[in-house]
Q: 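Structure below; questions to follow.
Throughout, protein chains are lettered first and strands after them, A, B, ... in sequence-line order, and every chain is numbered starting at 1.
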Amino acid sequence: MAHATHAKQLPADLSAPALVDGWRNRALVVGVIFAVLAIILAFLGQAQDPEHLGWDHFLRAWTLGLMVTWGFAVGGLAMLMVQYCSGGKWGLLLRRPLEAMSRTLPLVFVYWVVTAVFMKRLFLWANYPTNGSTAAAVKTGLITETEKYMIDFKRPMLNSFAFWWVSILCFAIWAFYMWHLNRLGLKRDADGPETTPHWIKRLENISGPGLVIYAFTMTAASIYWVMSMDVKWFSTVYGLLFLVEQGFQVLALGIVVTLSLSKEEPVKTILRRTEQHDLGKFTFGFVMLNIYLTFGQFLIIWSGNLPLEINWYLDRIRGGWGVIITLDFIFHWLIPFTMLLSRDLKRNKKRLIRVCQFMIFAVAFNQFWLIEPNFPDAARNLHFSWGILEYIAVPVAMMGIWVAYFCMELKKRPLVQVNDPHLAEILEPEHAIA
Amino acid sequence: MPPREGTYGLLAEFETPGDLVRAAQQAYKDGWRRLDCYSPYPVEEAAEAIGFHRNKVPLLCLIGGLMGGAAMFSLETWISVLAYPLNVAGRPTYSWPAFAVPAYEWTILWAGLSAAFGMLALNGLPSLYHPLFNAPNFRDGALTDKFFLCLEALDPKFDRVETKAYLENMKPVSVVEVDY
């Protein structure tokens, strides 16, 4: 056969190359430096008149770091399940990085515990556990009538007991899927090729319902952890926005990791331009879906003239925030869109990595626009304080530590799965796809 | 133009796309420039192998898209601001968020139409006759499961005997001579 003679050979050693250790060390150094910086900034912000919000800003920025790292961990798990359901050769390149992302869940849980412990500083509703307490707060002018009504109305869902237990239940469900899929992933490779059809079916059967459960749990988590910072607002598409954001950031990171790994064996052998191009196109899809949903949410609220909902947007447009949302539009959509439109860019490793790195930054930037205006000191009032710099320091520190953890997990497994029907195909020269 | 006569070229048939691409790469390396590949479905690497250059379809698509978007946005602005201003729930007559959706749709529509018709305008389709239709194996296989490389007589390197031997060296299924 002409096919067989031209196929590439897999290297004998399929484990992750040593350069991953270098990434881990660098990420750890960055993480520690920025953690120190974050603590200094918190003290500076705390001392600054008249707000004294250093530690509040630290916690808000912490939530931003939580949302981004959580997006990688749970989004990675979801993308893994999507891959098991859809199949395709791109999965062979991404599956191990996705598995490693999903296994960072314990670290994300630790991050979340900090947010949960200090919830009274982040969530207005957490300070008023009874109808009596809200009534008293209205009298002393701490909250408005609308806020009182909203807190009382939403109390069955927004109370600290539900916050803790719903979140823990969600973490338990994600942890189950993480454990189960990671375990089976290794088991599958230990089996011979005659078991391949069985494994494809089995992993598909686990992942299908898993995706539905993921959609529910991640909606609950995004509502509790971010949306409920503003008790007066709700949007039914909110969970979906985070879902698309996760696809966006997970694919961006997946591309960065895979293309960077391809400098050395074994990924060097299995990465072809066709699949790289496919991943670029897939990411482009999420760029479009993201602007579609975010703009759709705005358009519906804007055309509905909803007096209650529009305030959420006005908090994020007026008082200087218009600059941020304009930049957000440029960073999060315009730049990735125009760049990924190019076929040549998607087939150029270096440039595609640059764009994907930029997309990860854009995700964090977008979260800043979502989180900071929830608080009365910042709503319709973008202004400089030492505390606002926490939005750089804390997430970078958390991401640094997360990346180090991710690299550690990535090293634990061979980077190529052998029990996969696509392996033979991906080793062939590109034009031989019949 | 009077009808051409004589030999159009030599047509080699291959079983797999891989064989076709390797043969095409070899021929291009050996200095052949008047050559073409034929396959039942797009084989991008075959196009790359024979030095396929960029075409203007992406540019046409971009221009079409931008024009479509600009046209619809201007139309909406003209209608709502100048021609027939309506007060819709107190919103300004220039309400760009509402204009964005149709303008976007027109961008897509015009980008798609420009790409499709631009492609047809640039590649000379639809074409009713091609000399290769004279080869029976081409008629039978080109649309289903065979891959062809044609070295054309217009190339200065073309020689009926030598070229045939050259193609046969590439281990094709067959080499046939095709007339105009």
Side-chain angles (χ1 to χ4, degrees), chain A residues 1-8 272-278 281 284-285 287-289 291-307 309-310 313-314 317 322 325-326 329 333-334 337-347 424-425 427-434, chain B residues 14-26 37 39-50 52-55 57-59 61-62 65-66 69 80 87-92 94-105 107-108 111 115 144-147 149 170-173:
Chain A
M1 278 295 288
H3 277 71
T5 51
H6 296 274
K8 288 182 274 186
R272 304 188 303 178
R273 270 214 273 171
T274 317
E275 277 74 41
Q276 179 189 331
H277 192 175
D278 288 347
K281 286 187 272 188
F284 182 76
V287 173
M288 277 319 289
L289 191 54
I291 191 72
Y292 174 74
L293 290 179
T294 25
F295 185 73
Q297 178 183 268
F298 169 72
L299 190 63
I300 287 169
I301 290 176
W302 177 85
S303 21
N305 239 2
L306 307 171
E309 272 89 337
I310 201 69
Y313 275 107
L314 294 181
I317 293 173
I325 179 60
T326 309
F329 174 79
W333 181 73
L334 194 65
F337 174 80
T338 46
M339 294 288 127
L340 289 177
L341 207 52
S342 155
R343 181 175 185 273
D344 291 336
L345 187 138
K346 278 179 287 204
R347 295 171 87 90
E425 278 178 64
L427 287 172
E428 282 168 11
E430 313 202 18
H431 48 78
I433 321 154
Chain B
F14 295 96
E15 282 286 0
T16 69
D19 292 342
L20 170 68
V21 172
R22 276 186 292 279
Q25 280 167 341
Q26 186 62 46
C37 297
S39 56
Y41 54 82
V43 179
E44 284 184 25
E45 289 72 16
E48 275 170 29
I50 56 172
F52 185 74
H53 51 84
R54 288 167 174 284
N55 57 43
V57 175
L59 183 68
C61 180
L62 178 70
L66 290 176
S80 309
N87 182 340
V88 182
R91 288 189 192 81
Y94 176 68
S95 284
W96 65 266
F99 301 167
V101 177
Y104 170 73
E105 299 294 345
T107 310
I108 302 295
T144 50
D145 59 351
K146 295 290 188 285
F147 301 84
L149 173 68
M170 292 172 169
K171 307 265 181 294
V173 179

Q: Can you confirm whether more than 12 heavy atoms, excluding those of A:Y292, are under 6.0 Å from its OH atom?
A: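 Counting neighbours around OH of A:Y292, 12 or fewer heavy atoms of other residues, nucleotides or ligands fall under 6.0 Å, so no.
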Q: Using heavy-atom distances under 4.5 Å, tell me whether B:V101 contacts chain A through its side chain, its backbone, both, or neither.
A: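 Side chain only.
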Q: A:M288 and B:Y104: which non-hydrogen atoms are nearest, and at how many Å?
A: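 Minimum heavy-atom contact is CE-OH, 3.4 Å.
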Q: Hey, what do you get for CG (A:L341) to SG (B:C61), rounding to the nearest 0.5 Å?
A: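 A:L341 atom CG to B:C61 atom SG measures 8.0 Å (nearest 0.5 Å).
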Q: Is B:E48 in contact with chain A via its backbone, its side chain, both, or neither, using a 4.5 Å heavy-atom distance?
A: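 Side chain only.
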Q: Considering residues at least two apart in sequence or located in another chain, which fulfil the salt bridge (charged side-chain N to carboxylate O under 4.0 Å, His left out) criterion with B:D145?
A: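 Expected list: none.
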Q: Does the distance from a Lys or Arg side-chain N to an Asp or Glu carboxylate O, for B:E44 and A:R343, drop under 4.0 Å?
A: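 Counted as a salt bridge, because a side-chain N and a carboxylate O are separated by less than 4.0 Å.
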Q: Are more than 12 heavy atoms, taken from residues, nucleotides or ligands other than B:K171, located less than 6.0 Å from that residue's NZ atom?
A: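 At most 12 heavy atoms, drawn from other residues, nucleotides or ligands, come within 6.0 Å of this atom.
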